[in-house]
Amino acid sequence: MTVSEEDRHLRLTGEFDCDATPLATLRHSTSHVMAQAVKRLFPEVKVAIGPAIEDGFYYDFFKAEPFTPEDLARIEDEMRSIAKADLRFERREMPRAEAIAFFRQRGERFKVEILEGLDAPTVSLYTQGDFIDLCRGPHVGSTGQIRFFKLLSSSGAYWRGDEKNPMLQRIYGTAWLTQEELDRHLWRLEEAKKRDHRKLGRELDLYIFNEVSPGAPIWLPGGWTIVRELERFVREKLDASGYQEISTPILVNKKLWEQSGHWDYYQENMFLVESEEQIFSLKPMNCPESTIVYRHALRSYRDLPLRFSDMGRLHRNERSGTLTGLFRVRQFTQDDAHVYCRLDQIQAEITAMLGLVRDWYKPFGLEPFFKLSTRPPKSLGTDEQWRVAERGLEDALRANGLAFELNPGDGTFYGPKIDVDIQDALARRWQMATIQIDFQQPERFGLEYVDSDGQPKPPVMIHRAIFGSFERIVGILTEHYAGAFPTWLAPVQARVIPISEKFADYARSVHERLRAARVRSELDDRNEKLGYRIREAQLSRVPYMLVCGAREAEAGTVSLRHRSGDDLGAVPVDRVVGDLAREIAARESSLTVGRS
RNA sequence: GCCGGGGUAGCUCAGAGGCAGAGCAACUGAUUCGUAAUCAGUAGGUCGCGGGUUCGACUCCCGCCCCCGGCUCCA
């Protein structure tokens, strides 16, 4: 269903217009009806392209003024009347030269441009009522089948995705086979808005952004607690997987980047700093410095594989318009590592990494999807190296029985890669892990090991990040959990609430016992009504509320409430402390305290 | 970076050439409370930044910064 960028470019050259699935066909037809409505309401507008995409469709129009929300409402009304008229979609073929003349005469310059790029002798046109469009189809039988749709937004988009081309006005819409599916999709859009991590980050006091450093989060105590827990998770896992952690400088002399190739291939994304007539850069990647660690000692074939983890803070000068909360930042920390191994160890190492992906995502209930990206147009290295590296990754995926999507030309300049997307609670996909083979850095930095025959050989370098970046994963998890983090990640794990001042001392003793057991507890003994303080704890998604009154002080219990709203009644303090400690240590995904 | 929309109190937002507003939060006081908002009072502003027009600019004009929706790019 997903239409990759590659497919879209193919479509432009007329290979096909959309998948023949009923849903994609419906969406594609809906985009034609939208174009028809736009042409009726704005006759001067020129049409460009209108494909089906994931969850819907769009159509690009050449129009001086952007569409307003009122325009969208009018267009949607017009679409409904076109649908009601139940016009037939009629296909007809035409010699390409004739089609060029036809569209040129109508002033449809974009259609002419598409046609001129085709080499087919004949092309097909689809007509419904007063609208005719160059299109390979297929389409639904008639506009009457288009019923469950909604226009969502409009924005600028470049013709053929190239910023040197004219800016078009794109209208996005969604279309489904049933009212239920449409409603569910619209609900998901609403829910996604509510879960927006930028909003929740502020409301839950996790992280904020400030114009003094665009694209760099300012971590508040709550959000930083989450980062620390994730780092602890990563370190525990790495310690158990044969990795060694290192740390390398953030500010690095340009000379290193010249040697690594980043100066030629990545400079536009690097922040530069000058000092004493030397040029330095904030590192955009950790890999070149990891080679210095490799070279620090003479390495033997017996030493390999060497696995260096380096959770370095990176800076990449992303274009200002691309920054988005924690999802796209200029400063971030990868859970990065570089593995140096022999050729014969590649597959075992990649396999182990794919194992890490599955193991690490499990506690979060995140489903991984694998993508293999191959050699891009601008790259370093020989054909032979690329062939070996690409096959190494593919073999490991196949050996593990993992399905994957192929992204030709999407690799880095130094090697092919496996990227891993996850699907969150709202079925949205985000990129997380990346595993990249690199023959270039070892060569450029003259890395070698002494093989069993006494000869020096170059090691293979594998870059990999499993969570991707701590920033991005915190953003993803914030939305995935809608702010209700599992207890081990929750900034505040328990809030102790005395019913009134009279029981503040008892509540304090409960709070102190929790703290002694390293539970992140807070005491809310403010002079507010119980209901008010429960409400505040609920709104901050604190997993457990421990209410203390006369009965509890008497019996050595607390009245336990889960943020789910469940009231577990009186539970002995000993048991609450024990259950909480166990739930946290086990990184449980659900609330268990008082239930066992 | 490009197209469009924005930036007013800590937060959410109203206001539009002539005294800067509300709700929530904060603070003070009263209340001492049994599971999602007790009452009363007080305080809070470089209206993003800089320049211009005007008797007078939060409001109009110009430039810049940042944010939002997309394009492009990406961990």
Side-chain angles (χ1 to χ4, degrees), chain A residues 5 58 60 63-69 152-172 193 196 198-199 202-203 205 208-215 268-269 284-285 314 316-336 410 412 417 419-421 430-434 436 463-473 475-476 497-504 525-540 545-552 559-563 565-570:
Chain A
E5 202 52 38
Y58 68 78
D60 285 346
K63 179 174 180 288
E65 293 294 310
F67 292 101
T68 64
L152 298 173
S153 61
S154 67
S155 66
Y158 302 108
W159 168 234
R160 294 192 155 168
D162 187 333
E163 65 191 27
K164 292 181 201 74
N165 286 338
M167 179 70 74
L168 306 174
Q169 302 300 332
R170 175 173 298 178
I171 301 177
Y172 284 98
K193 225 181 276 177
D196 188 314
R198 292 165 296 192
K199 177 174 172 270
R202 202 167 42 238
E203 287 174 2
D205 296 321
I208 49 176
F209 293 85
N210 187 285
E211 63 185 86
V212 297
S213 189
E268 58 186 23
N269 284 302
M285 297 182 189
L314 306 181
R316 296 184 187 174
N317 195 2
E318 307 291 355
R319 300 165 90 179
S320 58
T322 65
L323 304 174
T324 307
L326 290 174
F327 290 160
R328 193 74 194 286
V329 289
R330 283 190 174 141
Q331 176 199 279
F332 61 105
T333 306
Q334 287 181 325
D335 61 315
D336 203 2
D410 224 25
T412 69
K417 61 178 180 173
D419 286 324
V420 186
D421 284 354
W430 308 102
Q431 186 173 330
M432 303 245 296
T434 185
Q436 310 179 348
H463 312 244
R464 107 284 173 289
I466 307 298
F467 283 162
S469 80
F470 289 98
E471 286 74 9
R472 179 173 285 180
I473 196 177
I476 291 169
I497 309 176
I499 283 172
S500 76
E501 233 168 66
K502 283 180 254 171
F503 313 106
D525 58 357
R526 289 175 302 167
N527 178 16
E528 296 289 350
K529 288 179 75 171
L530 178 61
Y532 179 87
R533 287 173 293 160
I534 293 282
R535 176 182 151 82
E536 292 226 322
Q538 286 286 147
L539 289 175
S540 15
M545 285 149 265
L546 282 52
V547 176
C548 301
R551 297 196 296 268
E552 291 77 13
S559 177
L560 181 67
R561 181 191 162 104
H562 288 193
R563 71 177 163 212
D566 293 359
D567 185 347
L568 289 253

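Each chain gets a letter, A, B and so on, in the order its sequence line appears, and its residues count up from 1.
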State the pairing partner of [N]; accept Watson-Crick or G-U wobble contacts with both distances under 3.5 Å, and report none otherwise.
{"N": "rA36(B)", "value": "none"}
{"N": "rA57(B)", "value": "none"}
{"N": "rC73(B)", "value": "none"}
{"N": "rG63(B)", "value": "rC49(B)"}
{"N": "rA43(B)", "value": "none"}
{"N": "rA14(B)", "value": "none"}

With [atom1] as the reference atom in both, quote the distance from [N] to [M] in angstrom, rounded to an integer.
{"N": "rC13(B)", "M": "rG69(B)", "atom1": "P", "value": "14 Å"}
{"N": "rC39(B)", "M": "rC24(B)", "atom1": "P", "value": "9 Å"}
{"N": "rC61(B)", "M": "rG4(B)", "atom1": "P", "value": "15 Å"}
{"N": "rG48(B)", "M": "rA14(B)", "atom1": "P", "value": "14 Å"}
{"N": "rG18(B)", "M": "rC60(B)", "atom1": "P", "value": "11 Å"}
{"N": "rG7(B)", "M": "rC64(B)", "atom1": "C1'", "value": "14 Å"}
{"N": "rA20(B)", "M": "rG44(B)", "atom1": "C1'", "value": "12 Å"}
{"N": "rA9(B)", "M": "rG63(B)", "atom1": "C1'", "value": "28 Å"}

Looking across every strand, which nucleic acid part, if any, lies under 4.0 Å from [X] by heavy atom: base, sugar-phosphate, or nothing?
{"X": "Lys502(A)", "answer": "sugar-phosphate"}
{"X": "Gly468(A)", "answer": "sugar-phosphate"}
{"X": "Leu539(A)", "answer": "base"}
{"X": "Gly321(A)", "answer": "base"}
{"X": "Ala550(A)", "answer": "base"}
{"X": "Glu65(A)", "answer": "nothing"}
{"X": "Arg202(A)", "answer": "sugar-phosphate"}
{"X": "Glu203(A)", "answer": "nothing"}
{"X": "Ser320(A)", "answer": "base"}
{"X": "Arg316(A)", "answer": "base"}
{"X": "Met432(A)", "answer": "sugar-phosphate"}
{"X": "Gln431(A)", "answer": "sugar-phosphate"}

Can any side-chain N or O of [X] pair as donor or acceptor with the backbone N or O of [Y] at less than 3.5 Å?
{"X": "Arg316(A)", "Y": "Val329(A)", "result": "no"}
{"X": "Arg472(A)", "Y": "Phe327(A)", "result": "yes"}
{"X": "Arg561(A)", "Y": "Val547(A)", "result": "no"}
{"X": "Asp566(A)", "Y": "Leu568(A)", "result": "no"}
{"X": "Arg563(A)", "Y": "Gln538(A)", "result": "no"}
{"X": "Asp335(A)", "Y": "Phe467(A)", "result": "yes"}

Legend entry - Asp567(A) vs Glu211(A), nearer the 5' end of RNA chain B by closest nucleotide: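 Counting from the 5' end, the first nearest nucleotide belongs to Asp567(A).
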Inset, instruction - With RNA chain B as reference, determine whether Glu501(A) or Asp410(A) sits nearer its 5' end, using the nearest nucleotide of each. - result: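 Here Glu501(A) is the residue nearer the 5' end.
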Inset, instruction - Given side-chain contact (heavy atoms from CB on, under 4.5 Å), test Ile466(A) with Met432(A) step by step and report yes or no. - result: CA-CA 7 Å; Ile466(A) 307 298; Met432(A) 303 245 296; over 6 Å; no
So, is [X] close to the [N] phosphate, meaning a side-chain N or O under 4.0 Å from OP1 or OP2?
{"X": "Arg198(A)", "N": "rC67(B)", "value": "no"}
{"X": "Lys417(A)", "N": "rA75(B)", "value": "yes"}
{"X": "Arg561(A)", "N": "rA36(B)", "value": "yes"}

Inset, instruction - Could you check whether Phe332(A) and the base of rA75(B) form a stacked pair, meaning centres closer than 5.5 Å and planes differing by less than 30°? - result: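 Given the distance and angle limits, yes, they stack.
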Nearest-angstrom distance from the residue atom [atom1] of [X] to [atom2] of [N]:
{"X": "Arg160(A)", "N": "rC2(B)", "atom1": "CZ", "atom2": "P", "answer": "24 Å"}
{"X": "Asp162(A)", "N": "rU72(B)", "atom1": "CG", "atom2": "C1'", "answer": "9 Å"}
{"X": "Glu318(A)", "N": "rC2(B)", "atom1": "CD", "atom2": "C1'", "answer": "16 Å"}
{"X": "Glu528(A)", "N": "rU28(B)", "atom1": "CD", "atom2": "P", "answer": "12 Å"}

Legend entry - Base of rU72(B) paired with side chain of Glu163(A) (donor-acceptor, under 3.5 Å):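 Donor-acceptor pair under 3.5 Å: no.
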Legend entry - Check: rG70(B) base within 3.5 Å donor-acceptor of Tyr158(A) side chain: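 Side chain to base: no pair present.
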With respect to the side chain of [X], which nucleotide from [options] is positioned closest?
{"X": "Val329(A)", "options": "rA36(B), rA75(B), rA25(B)", "value": "rA75(B)"}
{"X": "Ser155(A)", "options": "rG69(B), rC73(B), rA26(B)", "value": "rG69(B)"}
{"X": "Ile499(A)", "options": "rG34(B), rG70(B), rG1(B)", "value": "rG34(B)"}
{"X": "Arg551(A)", "options": "rU32(B), rG34(B), rG70(B)", "value": "rG34(B)"}

Inset, instruction - Please name the pair of heavy atoms, one in Ile476(A) and one in Trp430(A), separated by the smallest distance, quoted to 0.1 Å. - result: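 Looking at all heavy atoms of both residues, the shortest contact is CD1-CB, 3.4 Å.
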Inset, instruction - To the nearest 0.5 Å, tell me how far Leu314(A) CG sits from Thr333(A) OG1. - result: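 One gets 7.0 Å once the value is rounded to the nearest 0.5 Å.
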